A.B. asks: 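Dropping the structure in here first, questions after.
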Amino acid sequence: MGLLDAILGRSKPVRPDLDQLFAVPSAALTLQAATGFTPTGLGSVCFAGVEGGGFARLQEDVRELLDADTGRGGIPVEFSRDAYGYTWLLATHPADDTAGLVNDLHAVNTMLQDGGFGPHLLCSLTGFRHPADGRSLALVYLYKRGTFYPFAPLPGDAEKRDNQLELQVRSALGDDLRVEKDLSRWFPVWGAPGL
């Protein structure tokens, strides 16, 4: 950072640390002990779509890598687009295989980043559910910030969040994950695959 940046109050953005995702399995244990939420085995990666043959080939490579175990009972990955035009990849694992799920999400992120599409990565999420009442929760990783935040939609069709639960999760996971301090960055991911 230069002198002019310091004077004008500019700072360098945090470089994405994709290895932060490997903290999710231990955070899942803390989350279960503190709140009762358990992993669903669903996780997704969101990225801005790019036109062109290079990106289409990379997307096919990702599909081939993650679908390699479908012959042994693995579930194929799913690609979808949301209402904003973002592409989502949904990976599915057994609920007790959070480490395997995180490995797949990390592999997707790494392939996109190494393929030159890192700036198009938006977020990754890991899904959780409360066994008593079926409420959903996601741990969302923001690439451009290098941080996590909880997203807890309230049940029903209304797009409302359970802010109290999100703050409770932030407190519970503060020692396990690098939690985003700026609450205005806790963007809602309504209808995200894996939630």
Side-chain angles (χ1 to χ4, degrees), residues 1-2 4-6 8-31 34-35 37 39-40 42-50 55 58-59 62 65-66 82 84-91 93 98-128 136-153 161 163 165-190 192-195:
M1 184 163 81
L4 187 57
D5 290 329
L8 296 174
R10 294 184 289 216
S11 62
K12 288 185 178 180
V14 175
R15 224 189 119 128
D17 179 4
L18 298 179
D19 290 344
Q20 290 292 318
L21 288 170
F22 292 124
V24 171
S26 65
L29 296 173
T30 303
L31 183 64
T35 65
F37 278 84
T40 61
L42 301 174
S44 55
V45 176
C46 181
F47 49 93
V50 178
F55 187 75
L58 183 62
Q59 194 170 345
V62 166
L65 174 69
L66 298 185
D82 65 16
Y84 301 102
Y86 294 112
T87 300
W88 288 86
L89 173 141
L90 175 65
H93 277 259
T98 305
L101 177 65
V102 166
N103 284 337
D104 280 359
L105 298 177
H106 186 273
V108 172
N109 301 332
T110 302
M111 288 179 75
L112 288 168
Q113 185 170 294
D114 291 350
F117 298 103
H120 298 280
L121 289 167
L122 300 175
C123 69
S124 183
L125 67 84
T126 308
F128 294 83
S136 296
L137 172 74
L139 293 179
V140 182
Y141 179 70
L142 294 171
Y143 294 107
K144 293 183 180 24
R145 304 281 296 173
T147 56
F148 289 87
Y149 68 90
F151 175 67
R161 297 166 78 162
N163 298 98
L165 175 60
E166 291 177 355
L167 295 175
Q168 178 186 0
V169 170
R170 175 183 70 175
S171 296
L173 297 181
D175 292 335
D176 292 273
L177 299 175
R178 188 183 303 160
V179 178
E180 176 59 49
K181 291 178 177 27
D182 183 356
L183 298 183
S184 69
R185 301 275 185 178
W186 291 21
F187 304 111
V189 285
W190 306 116
L195 185 59

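The structure presented is a predicted model; accordingly, all values stated were derived computationally and were not measured.
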A.B. asks: Could you go step by step and tell me if Lys144 and Leu121 meet the side-chain contact (heavy atoms from CB on, under 4.5 Å) rule?
C.D. replies: CA-CA 8 Å; Lys144 293 183 180 24; Leu121 289 167; 5.7 Å; no
A.B. asks: Taking all non-hydrogen atoms of both residues into account, name the closest pair between Gly146 and Tyr141 and its distance.
C.D. replies: CA-OH, 3.3 Å
A.B. asks: Going by heavy atoms in the side chains, are Trp88 and Cys123 under 4.5 Å from each other?
C.D. replies: yes
A.B. asks: Any side-chain heavy atom of Pro150 sitting closer than 4.5 Å to one from Leu137?
C.D. replies: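 Pro150 vs Leu137: side chains touch.
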A.B. asks: Walk me through whether Phe148 and Leu21 qualify under side-chain contact (heavy atoms from CB on, under 4.5 Å).
C.D. replies: CA-CA 9 Å; Phe148 289 87; Leu21 288 170; 4.2 Å; yes
A.B. asks: Testing the basics here: between Leu90 and Ser44, what is the closest heavy-atom pair and its distance to 0.1 Å?
C.D. replies: CA-CB, 4.2 Å
A.B. asks: Specify the closest pair of heavy atoms between Pro25 and Val102, including all atoms of both residues, with the distance to one decimal.
C.D. replies: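 Scanning both residues completely, I find the closest heavy atoms to be CD-CG2, 4.0 Å.
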A.B. asks: Using every non-hydrogen atom in the two residues, find where Leu165 and Ala152 come nearest and quote the distance to one decimal.
C.D. replies: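 Looks like CD2-CB, 3.7 Å.
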A.B. asks: Give me the atom names and distance for the closest heavy-atom approach of Pro39 to Ala28.
C.D. replies: CG-CB, 4.1 Å
A.B. asks: With heavy-atom distances below 4.5 Å as the criterion, would you say the side chains of Val45 and Tyr143 are in contact?
C.D. replies: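 They are in contact (side-chain heavy atoms under 4.5 Å apart), so the answer is yes.
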A.B. asks: Would you compute the distance between atom CG of Leu177 and atom CG of Leu31 and round it to the nearest 0.5 angstrom?
C.D. replies: 9.0 Å
A.B. asks: Check whether any side-chain heavy atom of Leu183 sits under 4.5 Å from a side-chain heavy atom of Arg170, and report yes or no.
C.D. replies: yes
A.B. asks: Can you list everything that forms a side chain to side chain donor-acceptor pair (under 3.5 Å) with Asp176? Sequence neighbours excluded, please.
C.D. replies: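 Partners of Asp176 by the side chain to side chain donor-acceptor pair (under 3.5 Å) criterion, ordered by chain and then number, come out as Thr30.
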A.B. asks: Between atom CG of Leu142 and atom CZ of Arg185, what is the distance when rounded to the nearest 0.5 Å?
C.D. replies: 8.5 Å
A.B. asks: May I have the step-by-step check of side-chain contact (heavy atoms from CB on, under 4.5 Å) for Asp182 and Arg145, ending in yes or no?
C.D. replies: CA-CA 10 Å; Asp182 183 356; Arg145 304 281 296 173; 4.2 Å; yes
A.B. asks: Contact between His93 and Thr98 at the side-chain level, heavy atoms closer than 4.5 Å - yes or no?
C.D. replies: no
A.B. asks: Listed by chain and number, what are the side chain to side chain donor-acceptor pair (under 3.5 Å) partners of Ser136, not counting sequence neighbours?
C.D. replies: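 In terms of side chain to side chain donor-acceptor pair (under 3.5 Å), with neighbours along the sequence ignored, Ser136 is linked to Arg129.
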A.B. asks: Would you check if Phe22 and Asn103 make a side-chain contact, meaning some heavy-atom pair closer than 4.5 Å?
C.D. replies: yes
A.B. asks: Tell me which one of Phe128, Phe37, Tyr149 satisfies side chain to side chain contact (heavy atoms under 4.5 Å, CB included) with Leu139.
C.D. replies: Phe128
A.B. asks: Can you tell if the side chain of Glu166 reaches within under 4.5 Å of the side chain of Phe151, non-hydrogen atoms only?
C.D. replies: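 Yes. Closest side-chain heavy atoms under 4.5 Å.
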A.B. asks: The criterion is salt bridge (charged side-chain N to carboxylate O under 4.0 Å, His left out); which residues satisfy it with Asp114, sequence neighbours excluded?
C.D. replies: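 With sequence neighbours excluded, Asp114 shows a salt bridge (charged side-chain N to carboxylate O under 4.0 Å, His left out) to no residue whatsoever.
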A.B. asks: What heavy-atom pair brings Leu125 and Leu195 nearest, and what distance separates the two atoms?
C.D. replies: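 Closest approach of Leu125 to Leu195: CD1-N, 4.4 Å.
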A.B. asks: Check whether any side-chain heavy atom of Arg161 sits under 4.5 Å from a side-chain heavy atom of Trp190, and report yes or no.
C.D. replies: yes
